[in-house]
Colleague: 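The structure is given below, and queries will be raised subsequently.
Per chain, numbering begins at 1; letters A, B, ... match sequence-line order. As the structure is a prediction and not an experimental result, all values here were calculated from the model.
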Amino acid sequence: MELANMFQMIATILEIKGESGFKVNANIKVARVLEELVEDIRSIDDPTSIDGIGKSSAKKIQQFIETGIVPEFNELADSIPSGLLDVMRVQGLGPKTVGRLWKEAEVVDLSTLREAIDDGRLESLPRMGRKTIDNISDALAFLESSAGRKRIGKAMPIAEAIIALLRAIEGVLQIEFAGSLRRGKETIGDIDILASTDEPVLLADSFCSMSNVTKILAQGQTKCSVRIDAGMQVDLRIVENSAFGAAMLYFTGSKEHNVALRERAIQQGKRLNEYGLFEDDGDETPPQQRGVDPIARSEEEIYAALKSPWIPAELREDRGELDDKDLGNLITEKDIKCDLHCHTIASDGHMTIEELAMYAIARGYHTIAVTDHSQSSAQANGLKPDRLRKHIDAIHEVNEALKEITILAGSEVDILTNGELDYDDELLALLDIVVASPHVSLHQSSSDATTRLLKAIEHPLVHIIGHPTGRIINKRRGLEPNMQTLIDAAVATNTALELNANSLRLDLRDTHVKAAVEAGAMISVNTDAHVPEHFDQLRYGIGTARRGWLTPAGCINCFSHEDLTAWLDRA
DNA sequence: GCCGTTTTCGGCCCGACTGTTTTCAGTCG
């Protein structure tokens, strides 16, 4: 993590210093590759075997691992004020302007930028008009007031509400969200909406005058950008109806996927932009401006013309999805046949056993597991052994009474700091299902966390490891075990790793799921429902699962009742 | 700085909008 950050900083510093954009991009790519790496970089003999890492970066990585010092980075860092990296985060300020602000107005960080705005220092600079300065001032205030990317669970309902509002505007033909929201990312930078309409001016006006708009950043014929009161930016792109598919492809991204796709087009003598896929006729002017018809318009047509299968949006991250591999049939919400991690009023849930069962029946599940907290989770009203025994009897009673569904008596048993479980084996053996989860000591070292979780995975009575890292998105980093080691152990012991679908958690995360899928470990997608609404969080878990290339065959929640029973009874 | 089904050099995605410009640089996605 630290290492990825270093390469990101190198990229930004090089940018400010006016180095080649290609060099900058190369460093950004190294940062991204390291960030997404599931294995411990220390355990990789030759980093250049990883796509995007060349000799120069490998040397820096080696220096970092061996000494913790990378001389080239230190030199770079010393060459500019460190606060300029923060200034680069201000919307509208890029490397050129930041470089000028530094050299010509003595701006070295966010607070000196504020001073420079307030004392009028900027006004004397060339190409610094009133509007530009006002925009910088606003963007600075916005940066200070909002904390970056928002959880998908927050962004999605906002996006859906905006789309529902705009869909009703006269003339609108098609309107969808694109961007990271469509790709199902765990956090969303800004909401991208794509529309086609017979009345573009009316749509643009309606969009910019929504009641939650706090500032209009741009308003043009085809592109509008606003800030809304939830502290997010929303972009609306308006395209011709015939170009909607190509535009969806483009605005869904990711940027890295688009670049890879365009390079593929060029290799095949074609040219791809948001208006479609064109034959490259050597003319510099964009083909759509010359009235040239595209050879492919929809997403499906464009992928097909580029000799690739259609790629689900969640996979478009340039993580090998264009390598002509079989992408399989990715898991969908309707493949989920049971939820194996839920709470009742016995611990910190708000539903009775019966209510839980009713909601599960309404979703068409064949099985629901009652997994209340164990004794150590006192704050969650965890069950002491005698209460658990009674709870098991109560669950079995309701199970007898309800023929429409199987209710499993389970527990979400704490994995204690040392890896031991919070109940003895004799008690655990009475349960139909055991979900073992870490809740405390979430700041322990990577090696301690690995040992701790490994012990739980290898426990013969444990079926599922619940939210393995314990992270809370944007709030708590959680454990950082060697995930590859845990995955290998999960495969060996046939223990499932949970993908907790709650949008606060999404734990395992997408890259972990992908590594687990590649290794053949079973995944369990559960909502960890405490209240009825939590069942609706499943969509975010499924988005993350798809981003991890998960298929129904790799997910125990997709098993038939019979197969699940057999899997739970495994020796 | 990285990479290779036109390979070890010479490329590296593409278009819209803004502000301050008389023709475009900078930024963004």
Colleague: What does Pro95(A) touch in the nucleic acid at a heavy-atom separation under 4.0 angstrom: a base, only the sugar-phosphate, or nothing?
Modeller: sugar-phosphate
Colleague: Tell me which of Gln91(A) and Asn135(A) sits closer to the 5' end of DNA chain B, going by the nucleotide each one is nearest to.
Modeller: Asn135(A)
Colleague: What is the nucleic acid contact for Leu14(A), judged by heavy atoms within less than 4.0 Å: base, sugar-phosphate only, or nothing?
Modeller: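 Nothing, no nucleic acid heavy atom in range.
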Colleague: So which nucleotide does dG10(B) pair with, by the Watson-Crick or G-U wobble rule with both distances under 3.5 Å?
Modeller: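 Paired with dC3(B).
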Colleague: When all nucleic acid strands are considered with a 4.0 Å heavy-atom cut-off, which category describes Gln219(A): base, sugar-phosphate, or nothing?
Modeller: sugar-phosphate
Colleague: Under 4.0 Å between any heavy atoms, over every strand shown, what does Lys255(A) touch: base, sugar-phosphate, or nothing? Just pick one.
Modeller: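 The residue Lys255(A) makes base contact.
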Colleague: Need one value for Arg100(A): base, sugar-phosphate or nothing, where a base atom within 4.0 Å counts as base even if backbone is also close, heavy atoms only.
Modeller: nothing
Colleague: Students often get this wrong, so: under 4.0 angstrom with heavy atoms, is Leu261(A) touching a base, only sugar-phosphate, or nothing?
Modeller: nothing
Colleague: Any base atoms under 4.0 Å from Lys55(A), or only sugar-phosphate, or nothing? Heavy atoms, all strands.
Modeller: sugar-phosphate
Colleague: Using the purine O4'-C1'-N9-C4 or pyrimidine O4'-C1'-N1-C2 torsion, is dT7(B) syn (within 90° of 0) or anti?
Modeller: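 Syn conformation here, the glycosidic angle of dT7(B) being no more than 90° from 0.
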Colleague: Base, sugar-phosphate, or nothing: which does Asn258(A) touch, judged by heavy atoms less than 4.0 Å apart?
Modeller: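 Counting heavy atoms under 4.0 Å across all strands, no contact is made by Asn258(A).
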Colleague: Scan Asn25(A) against the nucleic acid and name what it touches under 4.0 Å (heavy atoms): base, sugar-phosphate only, or nothing.
Modeller: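 No contact at all - Asn25(A) keeps every heavy atom at 4.0 Å or more from the nucleic acid.
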Colleague: Base of dG29(B), side chain of Tyr250(A) - is there a donor-acceptor contact under 3.5 Å?
Modeller: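 When only heavy-atom distances are counted, Tyr250(A) does reach the base of dG29(B) through a donor-acceptor pair under 3.5 Å.
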Colleague: Whether Ser57(A) contacts dC2(B) is assessed here as follows: a side-chain N or O lying under 4.0 Å from the phosphate OP1 or OP2. Is that the case?
Modeller: yes
Colleague: Once you apply a heavy-atom cut-off of 4.0 Å, does Gly179(A) come out as touching a base, just sugar-phosphate, or nothing?
Modeller: nothing
